[in-house]
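Below is one structure, written out as structure tokens; the observations come after it.
Convention: sequence-line order gives letters A, B, ...; per-chain numbering from 1.
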2 protein chains.
Amino acid sequence: MVEAVKQKGNNEKRRRILDGALKAFAKKGFYNTKVSEIASEAGVADGTIYLYFKNKDDLLISLFEDRMEWIIERLSSEMEQTDGGFAEKLALFIRLHFMLVLENQDLAEFITVELRQSAKFVKEYSNPKFGDYLKMLQGLLEQAQQAGELRQELDARLVSRAIFGALDEVLLQLSLSTKLDVAEVERRTAMLSDMFIGGLAP
Amino acid sequence: MVEAVKQKGNNEKRRRILDGALKAFAKKGFYNTKVSEIASEAGVADGTIYLYFKNKDDLLISLFEDRMEWIIERLSSEMEQTDGGFAEKLALFIRLHFMLVLENQDLAEFITVELRQSAKFVKEYSNPKFGDYLKMLQGLLEQAQQAGELRQELDARLVSRAIFGALDEVLLQLSLSTKLDVAEVERRTAMLSDMFIGGLAP
DNA sequence: TCACACTGAATGAATCACCATTCATTCTTT
DNA sequence: AAAGAATGAATGGTGATTCATTCAGTGTGA
């Protein structure tokens, strides 16, 4: 086996490969995507991919980290700019979560489907970036608890998981549906934050 | 794609193959499982599998249908026996959902991980059994709305998705964790139903 | 009761298409 | 001209599927 290759100045080609991989994985899934397809999507030769990534698995993991990092950065920088209460912050979080889809449907399909895979089959890879994402949400909840805006008796860790799961499932549906419009996203955002904050009971 | 091959008197062998496939898929995932591994797990020859299933994909789908049917039957028969209000019914639903894990961890891993896969890559297979599962939950919500126990303005379809997603995500975590005890399941059941019914706000 | 087809189920070694990975060669840059 | 980057045809391993063969059960006739 060949060892990892370092990244030199040519990030641009690396980027093209990652973009091509995202597109291909979103369309056909990891196992049904040929390396040669990624290469042609990226406009490079098959072998070139191995100058930037150790193997196909490494490409998958690298793609994850790259995109999750991007998402986390965007989310957290946008979240910082609000100074509303918990309800508003949660609504904003949900909206941002969904909006990232509209902007990049391939990314949504990739994240919703392949994240599960990696949770299980790439066990040795603990997926720290996804952990960061969850911690953001959990931090939001804990803050709210300290401010008395969230019931104390709820376990922030469990609740953050539940919220993420709910969003992810709705997102999966959104990402697989053909027509996606902002109005529909707004409707779901509003209803879900309402549901979480106020509960189901009248 | 799907096309039943045959089912003579020997359902027992078919059953063994499905059991072996479940075990293998849960452990290594669909794409990393060799047909020969399933065969040896089931105690049959490689070729025998093709007497009962058209190909590996067909085996995956058949396994789904078989297990989902079982889950739905169990869930709905248990749900019928309660006559409590909405809150109790929801708590029961959540508890049953989780309990199935304790009883059969392989099944939980298989469902949580591979269901996603199929949602996307086996698009032509519309997964009616999963639809039935969701409809059960949706029906529960609609009933509650008619009884005035659930806020009218919430969309039962969207809410059922969200609840399923939340449960599924928590289940994924449960199914991947090493120690699983009833007390922990009860704790999460109680907290999640409390959260859904009462909301996050104090 | 036994010997002998006959039939469908089961076997598992062999096939063969597929595709990740390699590396000798070519191209580009300094 | 030398170093580094890129190429893409060739390689080698893999594993789903096939099918010629074997096995087991059942019925028949003597």
To the nearest Å, how far apart are [X] [atom1] and [N] [atom2]?
{"X": "A:Asp58", "N": "C:dA20", "atom1": "CG", "atom2": "P", "result": "15 Å"}
{"X": "B:Glu12", "N": "C:dA9", "atom1": "CD", "atom2": "C1'", "result": "14 Å"}
{"X": "A:Lys28", "N": "C:dC18", "atom1": "NZ", "atom2": "P", "result": "12 Å"}
{"X": "B:Glu37", "N": "D:dA16", "atom1": "CD", "atom2": "C1'", "result": "13 Å"}
{"X": "A:Arg16", "N": "D:dA5", "atom1": "CZ", "atom2": "P", "result": "16 Å"}
{"X": "A:Lys34", "N": "C:dT21", "atom1": "NZ", "atom2": "C1'", "result": "16 Å"}
{"X": "A:Tyr31", "N": "D:dT14", "atom1": "OH", "atom2": "P", "result": "16 Å"}
{"X": "A:Ile38", "N": "C:dC19", "atom1": "CD1", "atom2": "P", "result": "13 Å"}

Mind checking what makes side chain to side chain donor-acceptor pair (under 3.5 Å) contact with [X], not counting sequence neighbours?
{"X": "A:Glu149", "answer": "none"}
{"X": "A:Glu142", "answer": "A:Gln138"}
{"X": "B:Gln145", "answer": "none"}

Could you check which of C:dA20, D:dT17, D:dA6 has an atom nearest any side-chain atom of B:Tyr50?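 Looking only at side-chain atoms, B:Tyr50 lies closest to D:dT17.
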
I want to check one thing: is the phosphate of C:dA10, taken as OP1 and OP2, less than 4.0 Å away from some side-chain N or O of B:Tyr52?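 Yes, because at least one side-chain N or O of B:Tyr52 sits under 4.0 Å from OP1 or OP2 of C:dA10.
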
Can you tabulate the close N/O pairs, meaning under 3.5 Å, that link protein atoms to atoms of nucleotides 11-14 of chain C?
| residue | atom | partner | partner atom | Å |
| --- | --- | --- | --- | --- |
| C:dT11 | OP2 | B:Ala45 | N | 3.0 |
| C:dT11 | OP2 | B:Thr48 | OG1 | 2.3 |
| C:dG12 | N7 | B:Gly47 | N | 3.2 |

Assign A:Ser40 to base, sugar-phosphate, or nothing according to its heavy-atom contacts below 4.0 angstrom with the strands shown.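 A:Ser40: no heavy atom of the nucleic acid under 4.0 Å.
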
Taking only residues at least two apart or on different chains, which pairs with a member in residues 78-91 of chain B satisfy salt bridge (Lys or Arg N to Asp or Glu O under 4.0 Å)?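 Residue pairs passing salt bridge (Lys or Arg N to Asp or Glu O under 4.0 Å), neighbours aside: B:Arg74-B:Glu78.
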
Check A:Glu184 with A:Arg187, please: is the shortest side-chain N to carboxylate O separation under 4.0 Å?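 Yes, A:Arg187 and A:Glu184 are salt-bridged.
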
Sub-4.5 Å side-chain heavy-atom contact between A:Phe25 and A:Val113: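 No, their side chains stay 4.5 Å or more apart.
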
Name every donor-acceptor pair, under 3.5 Å, that has one atom in a side chain of residues 159-166 of chain B and the other anywhere in the protein, sequence neighbours excluded.
| residue | atom | partner | partner atom | Å |
| --- | --- | --- | --- | --- |
| B:Ser160 | OG | B:Ala156 | O | 3.3 |
| B:Ser160 | OG | B:Arg157 | O | 2.8 |
| B:Arg161 | NH1 | A:Glu169 | OE2 | 2.8 |

